[in-house]
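First comes the structure, then the notes that go with it.
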Amino acid sequence: NAGVTQTPKFRVLKTGQSMTLLCAQDMNHEYMYWYRQDPGMGLRLIHYSVGEGTTAKGEVPDGYNVSRLKKQNFLLGLESAAPSQTSVYFCASSYSSRGRAPNTGELFFGEGSRLTVL
Amino acid sequence: AQSVTQLGSHVSVSEGALVLLRCNYSSSVPPYLFWYVQYPNQGLQLLLKYTSAATLVKGINGFEAEFKKSETSFHLTKPSAHMSDAAEYFCAVTRWGGRRALTFGSGTRLQVQP
């Protein structure tokens, strides 16, 4: 019963390095999201995807890129990491109502990926 | 645009006391409202949700919340706190349609004193 799985769970980078966070969900959900969590700021939406091959910007997209080549995977990339990107990153998913019970907005979260940029 | 405001970044109660975590929302259309809980070093778990049915919503672990449109509030309560309730709690809002992404409040950390 995996749900939403994030890898890696921990990573330390030096300023300027690049990396990719992988999110995988096994619930056949159409929608996927990347959030970052910082103390006192709650969770803020970075990018999201409403289906395979589509992505869109959230409220804090700068410095990040995403791709959704397969329905079950949503990748978050940092091309040139900066200390301001030190954070805990959460992936989440939800489903389209088509053919199912109405989507009432609930998101299903992974356990998070803690990234430190030195 | 939609937003939520959580009053009080830290709340401390004694074991057995009433828990009250405050959340006010702003939304241009009828909202869906949520409370999530995050235990240390874990992801977010849904406590309860309001989706325009009953205004008093019961969730897991004895928590409940009441949607009050006139006050634009969705406060979380529990009659008697338990040590295991110590966690961070997030209020969130979304509206039907569109990208369905949740907008989160800044969170309230609940401490339970023995």
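Chain identifiers are assigned alphabetically (A, B, ...) following the order of the sequence lines, protein sequences preceding nucleic acid strands; residue numbering begins at 1 within each chain.
- Residue contact with chain A, scored on non-hydrogen atoms closer than 4.5 Å, is absent for B:Q6.
- Linking ILVMFWY residues whenever their side-chain heavy atoms come closer than 4.5 Å, directly or via other members, places B:M83 and B:V11 in the same cluster.
- A:L21 and A:F109 sit in two unconnected hydrophobic clusters of ILVMFWY residues. Membership requires side-chain heavy atoms under 4.5 Å apart, directly or through other members.
- Pairing each heavy atom of A:G40 with each of B:S106, the nearest pair is O-CB, 3.4 Å.
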For this session: List the steps and the verdict of side-chain contact (heavy atoms from CB on, under 4.5 Å) for B:L102 and A:Y35.
Result: CA-CA 10 Å; B:L102 296 182; A:Y35 286 88; 3.8 Å; yes
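- Other residues, nucleotides and ligands contribute more than 12 heavy atoms inside 6.0 Å of the CD atom of B:Q113.
- The neighbour count for A:R44 CZ, taken as heavy atoms of other residues, nucleotides or ligands under 6.0 Å away, is above 12.
- The shortest side-chain heavy-atom distance between A:E106 and B:Y36 falls under the 4.5 Å cut-off.
- The two residues A:Q37 and B:F90 make their nearest non-hydrogen contact at NE2-CZ, 3.2 Å.
- Atom CG of A:L107 and atom CZ of B:F34 lie 7.0 Å apart (nearest 0.5 Å).
- For A:K9, the NZ atom counts as densely surrounded, since its 6.0 Å shell holds more than 12 non-hydrogen atoms of other residues, nucleotides or ligands.
- Contacts between B:L46 and chain A at a heavy-atom distance below 4.5 Å involve the side chain alone, from C-beta outward.
- If you measure heavy-atom distances from A:R114 to chain B, the contacts under 4.5 Å come from the side chain alone.
- By the neighbour-count criterion of 12 heavy atoms within 6.0 Å, atom CD of B:E64 is densely surrounded, having more than that number from other residues, nucleotides or ligands.
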